[in-house]
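Report on one structure; see the data block that follows.
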Amino acid sequence: MNPRITGISSMATRQVLAELAQAFQQRSGCEVAIESVGGVDAAKRVQAGERFDVVILASDAVDRLIASGRVVGERIDLVRSPVAIAVRAGAPRPDVSSAHAVRQAVLAARHISYSTGPSGVHLARLFERWGIAQEIKQRIVQAPPGVPVGTLVARGDVELGFQQLSELLHLDGIDVLGTLPEEIQYITLFSAGLCASSHQPAAVRAMLDFMTSHEADEAKQRHGMESALSRDS
């Protein structure tokens, strides 16, 4: 009987992992089932001892799971993911070409939204640094864990949405304005770890070898991410 890998990940990597897991399954015969939920919830479930073979989260979350003994061995870095900005499909498209322009767009929006994940933490800190956090506090609609910011944008609940490009890229009902300008961009490194509870460590390592190979680069780019490997490696 072929082995079966079970995993849990944050929503940001849901689509790229689905594609890569299917490709690995086809070549290896090893069934792969990865559940994608809010990153905070995923980390809590692994920390609480729920059994998985592999966990894929922001690198700092994986580091904490290694420190607690829930993940064993080294962290395996998979993808780098930028933050992007979206408006409802057909809505006016504000200028977001510079940090100043983004600040003005945020101040002009009736409601804005960001996630509970790394991109949301970055946005909250950015607004504090800009000195506008209190001014816009009542206009922020934070998406619940596991709920894409883009769905709030598509419904018209918010005018401006910020989230990982990978989570906005394939959603209907929104227009992606682009990624944050370089001077205020935040790149999240998503990494994998072998769970201490795994019954399939060899199969997990084989799958992660495939997911970090150059064969996986095209799929990562299709989903708004890039390989965690250096460009010249």
Side-chain angles (χ1 to χ4, degrees), residues 5-25 30 32-84 115-122 145-146 163-167 169 179 185-198 200-233:
I5 295 172
T6 61
I8 190 166
S9 79
S10 59
M11 294 296 291
T13 53
R14 178 175 60 89
Q15 290 180 313
V16 70
L17 288 177
E19 181 172 337
L20 292 177
Q22 183 179 27
F24 176 73
Q25 186 170 311
C30 176
V32 182
I34 298 177
E35 179 183 357
S36 295
V37 298
V40 173
D41 290 340
K44 285 180 179 177
R45 287 169 62 181
V46 175
Q47 188 60 53
E50 189 170 342
R51 198 193 75 75
F52 296 100
D53 293 302
V54 65
V55 57
I56 301 99
L57 294 171
S59 58
D60 59 341
V62 175
D63 286 341
R64 287 191 290 272
L65 292 171
I66 291 172
S68 70
R70 292 299 185 184
V71 166
V72 294
E74 294 184 354
R75 188 186 84 199
I76 307 298
D77 298 334
L78 295 180
V79 291
R80 291 161 47 85
S81 176
V83 181
S115 76
T116 56
S119 61
V121 173
H122 171 65
Q163 200 164 25
Q164 307 284 341
L165 175 60
S166 62
E167 296 186 74
L169 203 55
T179 54
Q185 181 57 270
Y186 181 81
I187 303 294
T188 301
L189 177 64
F190 286 99
S191 307
L194 173 66
C195 294
S197 58
S198 176
Q200 304 292 344
V204 170
R205 292 188 183 101
M207 182 182 74
L208 295 179
D209 283 346
F210 166 68
M211 288 186 173
T212 54
S213 71
H214 287 301
E215 291 179 79
D217 287 354
E218 188 179 334
K220 294 171 184 178
Q221 291 164 4
R222 260 198 310 280
H223 295 288
M225 298 176 165
E226 66 177 29
S227 173
L229 299 174
S230 63
R231 289 179 176 80
D232 56 358
S233 62

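One is the number of the first residue; the rest follow in order along the sequence.
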Quick check: closest heavy atoms across [X] and [Y], and the distance to 0.1 Å?
{"X": "A43", "Y": "L65", "result": "O-CD2, 4.0 Å"}
{"X": "L169", "Y": "G224", "result": "CD2-N, 3.6 Å"}
{"X": "L20", "Y": "A216", "result": "CD2-CB, 3.6 Å"}
{"X": "L189", "Y": "R80", "result": "CD1-CG, 4.1 Å"}
{"X": "S191", "Y": "D77", "result": "OG-OD1, 2.6 Å"}
{"X": "V83", "Y": "Y186", "result": "CG2-O, 3.4 Å"}

Side chains of residues 51-58: which donor-acceptor pairs under 3.5 Å do they make with residues two or more places apart or in other chains?
residue, atom, partner, partner atom, Å
R51, NH1, D53, OD1, 3.4
D53, OD1, S198, OG, 2.8
D53, OD1, H199, N, 3.1
D53, OD2, T6, N, 2.8
D53, OD2, T6, OG1, 3.2

What's the separation between atom [atom1] in [X] and atom [atom2] in [Y], rounded to the nearest 0.5 Å?
{"X": "S119", "Y": "L165", "atom1": "OG", "atom2": "CG", "answer": "11.0 Å"}
{"X": "S59", "Y": "L78", "atom1": "OG", "atom2": "CG", "answer": "10.5 Å"}
{"X": "E50", "Y": "K44", "atom1": "CD", "atom2": "NZ", "answer": "13.5 Å"}
{"X": "I5", "Y": "L208", "atom1": "CD1", "atom2": "CG", "answer": "7.5 Å"}
{"X": "Q22", "Y": "L17", "atom1": "CD", "atom2": "CG", "answer": "13.0 Å"}
{"X": "S227", "Y": "H214", "atom1": "OG", "atom2": "NE2", "answer": "7.0 Å"}

Is there side-chain contact between [X] and [Y], with heavy atoms separated by less than 4.5 Å?
{"X": "C30", "Y": "F24", "value": "yes"}
{"X": "V46", "Y": "I8", "value": "yes"}
{"X": "S68", "Y": "Q47", "value": "yes"}
{"X": "M11", "Y": "Q163", "value": "no"}
{"X": "V37", "Y": "R45", "value": "yes"}

| task | Check step by step if salt bridge (Lys or Arg N to Asp or Glu O under 4.0 Å) holds for R205 and D209. | result | CA-CA 6 Å; R205 292 188 183 101; D209 283 346; over 6 Å; no
Give a yes or no on whether the backbone of [Y] and the side-chain of [X] come within a donor-acceptor separation of less than 3.5 Å.
{"X": "K220", "Y": "M211", "answer": "yes"}
{"X": "S81", "Y": "T188", "answer": "no"}
{"X": "Q25", "Y": "V32", "answer": "yes"}

| field | Option among R75, E74, R70 that satisfies the side chain to side chain contact (heavy atoms under 4.5 Å, CB included) test with V62 | value |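 By the side chain to side chain contact (heavy atoms under 4.5 Å, CB included) criterion, V62 pairs with just one of R75, E74, R70: R75.
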| Salt bridge check: are R64 and D60 linked by an N-O gap of less than 4.0 Å? |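 Judged by the 4.0 Å cut-off on N to carboxylate O distance, R64 and D60 do form a salt bridge.
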| message | Restricting to salt bridge (charged side-chain N to carboxylate O under 4.0 Å, His left out), what partner residues turn up for E19, sequence neighbours left out? | response |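 Salt bridge (charged side-chain N to carboxylate O under 4.0 Å, His left out) check on E19 returns R222.
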| request: Kindly check if the number of other-residue, nucleotide or ligand heavy atoms within 6.0 Å of CD (Q185) is above 12? | output: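 Yes, CD of Q185 has more than 12 neighbouring heavy atoms, counting only those of other groups under 6.0 Å.
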